[in-house]
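If you're wondering where the values come from, they're calculated on a predicted model, not measured in any experiment.
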Amino acid sequence: MTLAIDGARLVSRLKALGATGRDDMGRLTRLAASDADKAGRDLLCDWMRAAGLRIEIDRIGNIHGLWLPEEAQGDPVVMGSHIDTVIDAGIYDGCLGVLAGLAVIEALQAGGARPARPLAVVAYSNEEGVRYAPDMMGSLVAAGGMTAEAALATVGTDGTTLGEELARIGYAGDRAPGFITPHAYVELHVEQGPVLEAEGLGLGVVESLQGISWQRVTIGGLANHAGTTPMALRRDAGVAAARVMCFLDRMARETEGAVATVGTIELVPGAINVIPSAARFTVDLRNPDEARLKAQEAALGGLLDELRSEGFEVATERLARFEPVLFDPEIVCRIEAAAQGRQLAHRRMTSGAGHDAQMIARVAPSAMIFVPSRGGISHNPAEFTAEAELVAGANVLLDVTWSLSR
């Protein structure tokens with residue numbers, strides 16, 4: 001049986017969803033459980049209903065579109081990702097995986113395929129974590145890594161509560177998160193990095209995902225007059241923070257597979273002529289190897305202890321910690337075989353970003369497919385993947401899903 005997705009419809013839907021939920025400045029900003037998110041969810045559900053899917057929404061707001069062909073039995077093969085965005089986003093991140101999953105089901109329906117298992121496409125809630133922390137929340141709850149009660153009680157950056165906002169927009173479902181146990185889970189995503197484009201490859205076979213360690217660090221020093229306090233008599237929290245930043249950059253460059261980022265920083269009191277009494281900043285450490293990630297964390301801890309010995313007050317808060325993920329070898333091989341069958345140049349690779357697949361991998365065999373991102377740009381309106389590459393990735397997803405469902 002020769003199957004192919006409707007590429008024109010997939011691209012058209014990506015553009016339509018990308019035009020939905022823009023703010024007064026024209027920026028695509030579909031934050032979780034916002035009015036913009038509701039508009040995107042409504043559009044997705046309209047397309048799911050048109051495909052004859054049964055829509056089920058769980059308590060954390062994850063949207064499931066189920067195709068239950070006659071005689072299909074057992075746990076479903078699940079595809080998916082997310083449709084919430086960062087502020088001023090591109091149109092592909094997450095959305096491709098959801099809409100390609102829908103396109104796969106429609107292609108199987110149109111081709112008269114008779115899968116032995118049900119199929120499902122899922123849009124997980126709050127993957128980005130911009131309004132409510134942590135990120136990847138919907139899939140984390142579905143995989144049992146966080147209770148629905150704790151997630152729904154989360155207070156957002158704007159003071160709202162997630163559970164109340166989901167109810168307000170009409171997406172507080174009644175199904176228990178995790179009511180579906182996937183037979184297998186496959187997620188198609190834009191790479192969000194430069195590797196595939198740089199190597200001239202059309203597809204990435206994602207076999208692993210980096211471990212992630214997030215912390216918030218607060219360093220207390222002593223505020224004093226910037227002009228009258230000699231350098232030797234200062235306890236400058238800003239300088240201490242700068243030392244940490246330089247240390248992390250050097251360590252990451254010298255450690256195999258490592259990256260390190262200080263993404264936010266605040267100096268207190270924040271006056272031009274006052275030595276900072278406190279510095280608050282976040283640390284993002286990543287590595288595909290758990291031992292090396294632990295070594296990065298330990299090295300940071302050693303530097304913070306050194307600062308304490310110098311008279312600084314240092315406090316840390318764990319924000320998130322996920323071990324590296326090795327995806328299911330059998331599904332990885334199926335993705336490779338599908339890429340070869342479609343004559344696509346490809347390579348195995350590790351994902352540098354977090355994805356819903358890393359959560360679902362806790363409860364079901366999982367893997368991911370990447371398509372190139374021009375310039376490696378994502379979380380940005382300039383995010384772009386060529387239409388031919390989008391369609392090629394979706395057809396590989398189709399082949400893999402069909403093979404898993406027979």
Side-chain angles (χ1 to χ4, degrees), residues 60 62 78 80-82 94 97 122 124-129 132-148 150-151 154 177-178 181-182 184-187 189 191-193 195 204-217 248 251-252 254-263 282-304 316-333 335 348-370:
I60 197 63
N62 296 327
V78 180
S81 195
H82 64 98
V122 184
Y124 290 107
S125 291
N126 190 39
E127 193 273 353
E128 295 292 2
Y132 302 99
D135 57 351
M136 297 173 283
M137 183 186 284
S139 52
L140 177 63
V141 173
M146 183 180 192
T147 67
T154 302
T181 300
Y185 176 80
V186 189
E187 181 170 349
H189 210 284
E191 180 191 356
Q192 301 180 285
V195 174
V205 181
V206 185
E207 62 181 350
S208 60
L209 192 146
Q210 289 194 114
I212 301 174
S213 172
W214 283 2
Q215 297 182 58
R216 180 180 288 113
V217 179
L248 291 174
M251 177 181 63
E254 295 174 352
T255 303
E256 181 182 352
V259 292
T261 306
V262 173
T282 55
V283 176
D284 178 327
L285 303 176
R286 306 192 189 205
N287 201 298
D289 182 89
E290 175 66 8
R292 290 197 295 266
L293 182 58
K294 285 182 176 179
Q296 290 173 247
E297 293 172 317
L300 171 60
L303 177 59
L304 296 180
T316 61
E317 176 188 0
R318 173 74 69 195
L319 301 178
R321 179 58 162 86
F322 302 117
E323 293 186 0
V325 173
L326 293 176
F327 287 129
D328 183 77
E330 180 183 344
I331 301 178
V332 170
C333 289
I335 294 170
R348 290 196 177 201
M349 61 193 307
T350 295
S351 172
H355 298 285
D356 291 311
Q358 80 186 74
M359 302 305 174
I360 304 305
R362 300 180 178 195
V363 295
S366 303
M368 295 188 69
I369 303 164
F370 276 173

Which heavy atom in [X] sits nearest to a heavy atom in [Y], and how many Å separate them?
{"X": "Glu187", "Y": "Ala357", "value": "OE1-N, 3.0 Å"}
{"X": "Gly204", "Y": "Met349", "value": "CA-SD, 3.6 Å"}
{"X": "Thr181", "Y": "Val363", "value": "CG2-O, 4.3 Å"}
{"X": "Leu293", "Y": "Gly211", "value": "CD2-C, 3.7 Å"}
{"X": "Leu285", "Y": "Ala260", "value": "CD2-CB, 3.7 Å"}
{"X": "Gly354", "Y": "Glu127", "value": "O-OE2, 3.4 Å"}

Would you confirm whether [X], through its side chain, and [Y], through its main-chain N or O, come within 3.5 Å as a donor-acceptor pair?
{"X": "Gln210", "Y": "Gly352", "value": "yes"}
{"X": "Gln358", "Y": "Val325", "value": "no"}
{"X": "Asp284", "Y": "Thr261", "value": "no"}
{"X": "Asn126", "Y": "Ala133", "value": "no"}
{"X": "Ser125", "Y": "Ile60", "value": "yes"}
{"X": "Tyr185", "Y": "Gly80", "value": "yes"}

Nearest-0.5 Å distance, [atom1] of residue [X] to [atom2] of residue [Y]:
{"X": "Arg348", "Y": "Cys333", "atom1": "CZ", "atom2": "SG", "answer": "5.0 Å"}
{"X": "Asp356", "Y": "Tyr124", "atom1": "CG", "atom2": "OH", "answer": "6.5 Å"}
{"X": "Met368", "Y": "Thr350", "atom1": "CE", "atom2": "OG1", "answer": "12.0 Å"}
{"X": "Leu326", "Y": "Leu209", "atom1": "CG", "atom2": "CG", "answer": "10.0 Å"}
{"X": "Met136", "Y": "Met146", "atom1": "CE", "atom2": "CE", "answer": "12.5 Å"}

**Prompt:** Is Arg292 salt-bridged to Glu254, going by a charged N under 4.0 Å from an acidic O?
**Reply:**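 Looking at Arg292 and Glu254, the cut-off is not met.
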**Item:** Residue pair Leu248, Leu300: steps toward the side chain to side chain contact (heavy atoms under 4.5 Å, CB included) verdict
**Value:** CA-CA 7 Å; Leu248 291 174; Leu300 171 60; 4.1 Å; yes
Close side-chain approach of [X] and [Y], heavy atoms under 4.5 Å:
{"X": "His189", "Y": "Ser351", "answer": "no"}
{"X": "Trp214", "Y": "Arg286", "answer": "yes"}
{"X": "Glu256", "Y": "Asp289", "answer": "no"}

**Item:** Residues in ring pair (Phe, Tyr, Trp, His ring centres under 6.0 Å) contact with Phe370, at least two apart in sequence or another chain
**Value:**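 Once residues adjacent in sequence are excluded, the partners of Phe370 under the ring pair (Phe, Tyr, Trp, His ring centres under 6.0 Å) criterion are His355.
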**Item:** Over 12 non-hydrogen atoms of neighbours within 6.0 angstrom of CZ in Arg216
**Value:** no
**Item:** Full working for side chain to side chain contact (heavy atoms under 4.5 Å, CB included) between Lys294 and Asn287
**Value:** CA-CA 9 Å; Lys294 285 182 176 179; Asn287 201 298; over 6 Å; no
